[in-house]
Amino acid sequence: MNAKLGAVKGMNDILPPESAGWEWFEARVRDVMRGYGYQSVRTPIVEPTALFVRSIGEVTDIVEKEMYSFTDSLNGEALTLRPENTAAIVRAAVEHNLLYDGGKRLWYTGPMFRHERPQRGRYRQFHQVGAEALGFPGPDIDAELILLARRLWTVLGLRGLRLEINCLGQADERARHRAKLIAYLEQHAGQLDDDARRRLYSNPLRILDSKNPALQPLLEQAPRLLDELGEDSRAHFDGLQRLLRAAGQDFTINPRLVRGLDYYNLTVFEWVSEHLGAQATVCAGGRYDGLVEQIGGKPAPACGWALGVERVLDLLAQAGRQPAAPAPDAYVVLAHAPALERALQVAEELRAAGMRIVMHAGGGSLKSQMKKADASGARHALIFGEREWLAGEVGVKSLREAGEQQQRSVALQPPALLLEMLMATPA
Ligand code: ATP
Ligand code: MG
C-alpha cells in the first residue's frame with residue numbers, strides 16, 4: 001500500500017450529506033440576489049499579486065502574512081490565490097468597461113485563500129458570497145446592500161444576527177483623526193502591544209480593532225473618527241441610519257468598527273453573531289469609493305459586502321437547519337439479469353419525467369438489494385424480477401408504508417400508471 005495523501009491543512013473537503021446543505025444555501029443566495037437585481041460574476045481564482053497589494057493595502061493582515069503568492073515557474077509572473085474577491089470584481093468591471101452605461105449590481109461566490117491559523121470558522125480555503133454595487137454613491141445603495149443581507153438571513157431562517165455600522169469618512173477626515181490618534185497612542189506607548197507598535201505610524205486606524213483584551217481600556221478612550229466627520233460624511237451616515245430605521249432594521253453604531261482592508265470609506269458595517277465563538281463576524285462590508293480609480297478605471301463610487309459561507313452554515317447547523325438532499329423517488333432492484341436493458345429504459349423514461357431514480361449496481365440477492373433500496377431513503381422499490389420480465393411488468397413496492405407489492409405494465413411510453421403511482425403523495 002502507498003502512503004495516504006491528505007488534504008492541505010486548513011482546506012476542507014465538503015462531503016455528503018453536508019454538501020447538500022451547501023447546495024441548498026447556494027440556491028437561496030441565487031434567489032435572493034435575483035430578487036434585488038444583482039447579476040453573478042465569475043472571476044479567476046488566481047490573479048496578479050499586484051492587484052491585491054494595490055487594493056487591499058500593504059499594511060494589512062492579508063497582504064503582510066496571509067496571501068498564497070507564488071511565481072509562475074513558466075513565465076515568472078507574480079500570482080496570488082485570491083484572498084477576497086472585491087478587487088477582482090473591480091478589475092473585471094474596469095477591464096471590460098462594465099460601467100460604461102451606468103451602475104452595476106453584481107454578486108459572486110467561491111473559494112478564497114488565506115494562510116491563517118486554522119480553527120473553527122477560520123480556514124485556509126474558505127468560501128464567500130459577496131454583493132457589490134458599482135457606480136452608485138449611496139446611501140440608498142448602502143441600505144439596500146444591508147437589507148439584501150437581512151433578506152438572506154430571513155430566507156435561511158437565521159435569527160439573532162446583529163448589525164453594527166460606522167462611518168470612516170473621507171481621506172482628509174481620516175488624516176485629521178489619524179494625527180490625533182497617533183498623538184494619543186504615543187502618550188500611552190508603554191501600553192501598546194507589538195502589533196500596535198508596528199502599526200502606530202503605518203496603519204494606526206487598524207489598532208482600533210485589535211482584539212487584544214489588554215488594549216481595550218486604552219482604545220475605549222481613543223479619539224473617535226466620528227468626531228472628525230465633516231458635513232457631507234455626516235449627511236451620508238445620517239441618511240443611511242434614516243433608511244435603516246424606516247426599514248425597521250436595528251443597528252448599533254460602533255465607533256471602533258474599521259475594516260481589515262484599506263480601501264473602505266464612509267459606510268462600514270458588520271453582521272455579528274453571539275454563537276460563533278471568537279469568529280463572530282458573519283458578513284462584513286462597506287463603501288470603497290476610491291477603489292475603481294485605484295485599479296485604473298474612471299472614478300466611480302462603490303459599496304459591497306462579503307459573508308463567510310462556513311460561518312453561516314455553522315449557524316444554520318446550530319439552529320437545527322441542515323437541509324438534506326431529497327431522497328430518490330425510487331430505487332431499481334434487478335432480480336433477473338436479462339431485465340437490465342428494460343430496467344434502464346424505464347429508469348430513463350421516469351427521469352425524463354422528472355423523477356429521481358437510483359439504479360442498483362453490483363448484483364447481489366433480492367434481499368440484499370431490498371436492503372440497499374431501503375437504506376437509499378427511496379419511497380419505492382421498482383422490482384425487475386423473472387416474473388415481471390415474463391409479464392412485461394415492474395413490481396412496485398412501497399418502502400415507507402405497509403401494503404402489498406403492485407404490478408404495473410412497462411409497455412406504455414412513458415409508463416403512465418407507474419408514474420402516477422410514484423407521484424401519489426403518501427397517505
Ligand atoms: P476576521 O476579522 O474574522 O479575520 P476579516 O476582516 O479578515 O475577518 P473579511 O476580509 O471582511 O474578513 O471577510 C468577510 C467575511 O469572510 C468574514 O466576516 C468571515 O465571515 C469570512 N472569513 C474571512 N476570513 C475567513 C477565514 N479564514 N475562514 C473562514 N471565513 C473567513
Ligand atoms: Mg482576517
Side-chain angles (χ1 to χ4, degrees), residues 7-12 14 22 25 29 51-53 55-57 59-68 80-90 107-132 145-146 148-149 152-153 156 158 161-166 168 195 199 203 205-212 254 256-265 267-288 291 302-318:
V8 175
K9 184 177 173 198
M11 304 199 182
N12 301 310
I14 299 157
W22 283 70
F25 168 77
V29 167
L51 174 65
F52 302 114
V53 175
S55 60
I56 298 172
V59 195
T60 55
D61 284 348
I62 293 180
V63 172
E64 278 181 342
K65 55 190 185 205
E66 294 175 0
M67 292 208 302
Y68 284 92
T80 293
L81 297 183
R82 63 184 186 189
E84 59 100 40
N85 210 30
T86 299
I89 295 287
V90 170
W107 75 277
Y108 62 83
T109 185
M112 308 295 155
F113 303 84
R114 299 185 192 177
H115 196 102
E116 305 200 63
R117 192 168 65 77
Q119 54 198 289
R120 177 178 175 193
R122 196 175 288 289
Y123 310 100
R124 291 181 176 175
Q125 174 173 332
F126 63 100
H127 297 75
Q128 287 184 336
V129 167
E132 316 282 4
L145 280 157
I146 289 172
L148 165 54
L152 189 58
W153 314 143
L156 295 173
L158 285 182
L161 287 172
R162 266 188 327 101
L163 176 65
E164 294 190 353
I165 64 174
N166 191 20
L168 297 183
D195 249 4
R199 293 200 155 131
N203 196 348
L205 196 58
R206 284 298 315 283
I207 300 174
L208 291 179
D209 77 341
S210 162
K211 299 195 168 102
N212 182 351
N254 176 357
R256 284 176 48 197
L257 180 64
V258 299
R259 302 291 314 123
L261 319 181
D262 271 0
Y263 51 59
Y264 287 101
N265 70 320
T267 307
V268 286
F269 57 87
E270 287 192 358
W271 289 94
V272 291
S273 164
E274 258 55 289
H275 304 289
L276 290 171
Q279 273 57 252
T281 305
V282 176
C283 172
R287 186 154 278 285
Y288 48 96
L291 187 60
C303 190
W305 54 248
L307 65 77
V309 177
E310 284 83 357
R311 293 185 195 177
V312 171
L313 293 177
D314 185 340
L315 287 177
L316 279 171
Q318 288 185 55

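All ligand and atom numbering here is 1-based and tracks the order in the structure.
At a heavy-atom distance under 4.0 Å, only side-chain atoms of Gln128, from C-beta outward, approach ligand 1. With a 4.0 Å cut-off on non-hydrogen atoms, Asp61 does not touch ligand 1 at all. Both the backbone and the side chain of Arg122 come within 4.0 Å of ligand 1, counting heavy atoms alone. Contacts between His115 and ligand 1, counted as non-hydrogen atom pairs separated by less than 4.0 Å, are absent for every part of the residue.
Looking at Gln128 and Thr109, their side chains never bring a donor and an acceptor atom within 3.5 Å of each other.
Close contacts of ligand 1 with Ala284, meaning ligand atoms under 4.0 Å from a residue heavy atom, involve 11 (O). Atoms of ligand 1 found under 4.0 Å from any heavy atom of Ala306 (numbered from 1 in listed order, with element): 14 (C), 15 (C). With ligand atoms numbered from 1 in the order given, ligand 1 contributes 28 (N), 29 (C), 30 (N) to contacts under 4.0 Å with heavy atoms of Gly121.
Using a 4.0 Å cutoff on heavy atoms, Arg311 counts as a contact of ligand 1. Within the structure, the closest approach of Glu116 to ligand 1 falls below 4.0 Å when heavy atoms are considered. Heavy-atom separations between Lys211 and ligand 1 include at least one value shorter than 4.0 Å.
The main-chain N or O of Leu145 is found under 3.5 Å from a side-chain atom of Trp305 such that the two form a donor-acceptor pair. Judged by distance alone, with hydrogens and angles left aside, the side-chain atoms of Glu116 form no donor-acceptor pair with the main-chain N or O of Pro118 at under 3.5 Å. With hydrogens and angles disregarded, a donor-acceptor distance shorter than 3.5 Å links the side chain of Asn254 to the backbone of Arg256.
The N/O atoms of Ile62, backbone and side chain alike, include none that comes under 3.5 Å of an N/O atom in ligand 1. Between Val282 and ligand 1, at least one pair of N/O atoms sits closer than 3.5 Å.
A distance of 11.5 Å separates CZ in Phe126 from CD in Gln279, rounded to the nearest 0.5 Å. Atom NZ in Lys9 sits 7.5 Å away from atom NE2 in His115 (nearest 0.5 Å).
For Thr80, the side-chain hydrogen bond (donor to acceptor under 3.5 Å, both in side chains) test picks out Thr49, Ser69, with sequence neighbours left out.
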**OP:** With side chain to side chain donor-acceptor pair (under 3.5 Å) as the test, would you mind laying out the steps for Tyr68 and Gln125 before giving the verdict?
**Re:** CA-CA 10 Å; Tyr68 284 92; Gln125 174 173 332; over 6 Å; no
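None of Arg199, Arg122, Arg114 except one satisfies the salt bridge (Lys or Arg N to Asp or Glu O under 4.0 Å) rule with Asp61; the exception is Arg199.
Of the listed residues (Glu66, Gln279, Arg114), the one carrying the non-hydrogen atom nearest atom 12 (O) of ligand 1 is Arg114.
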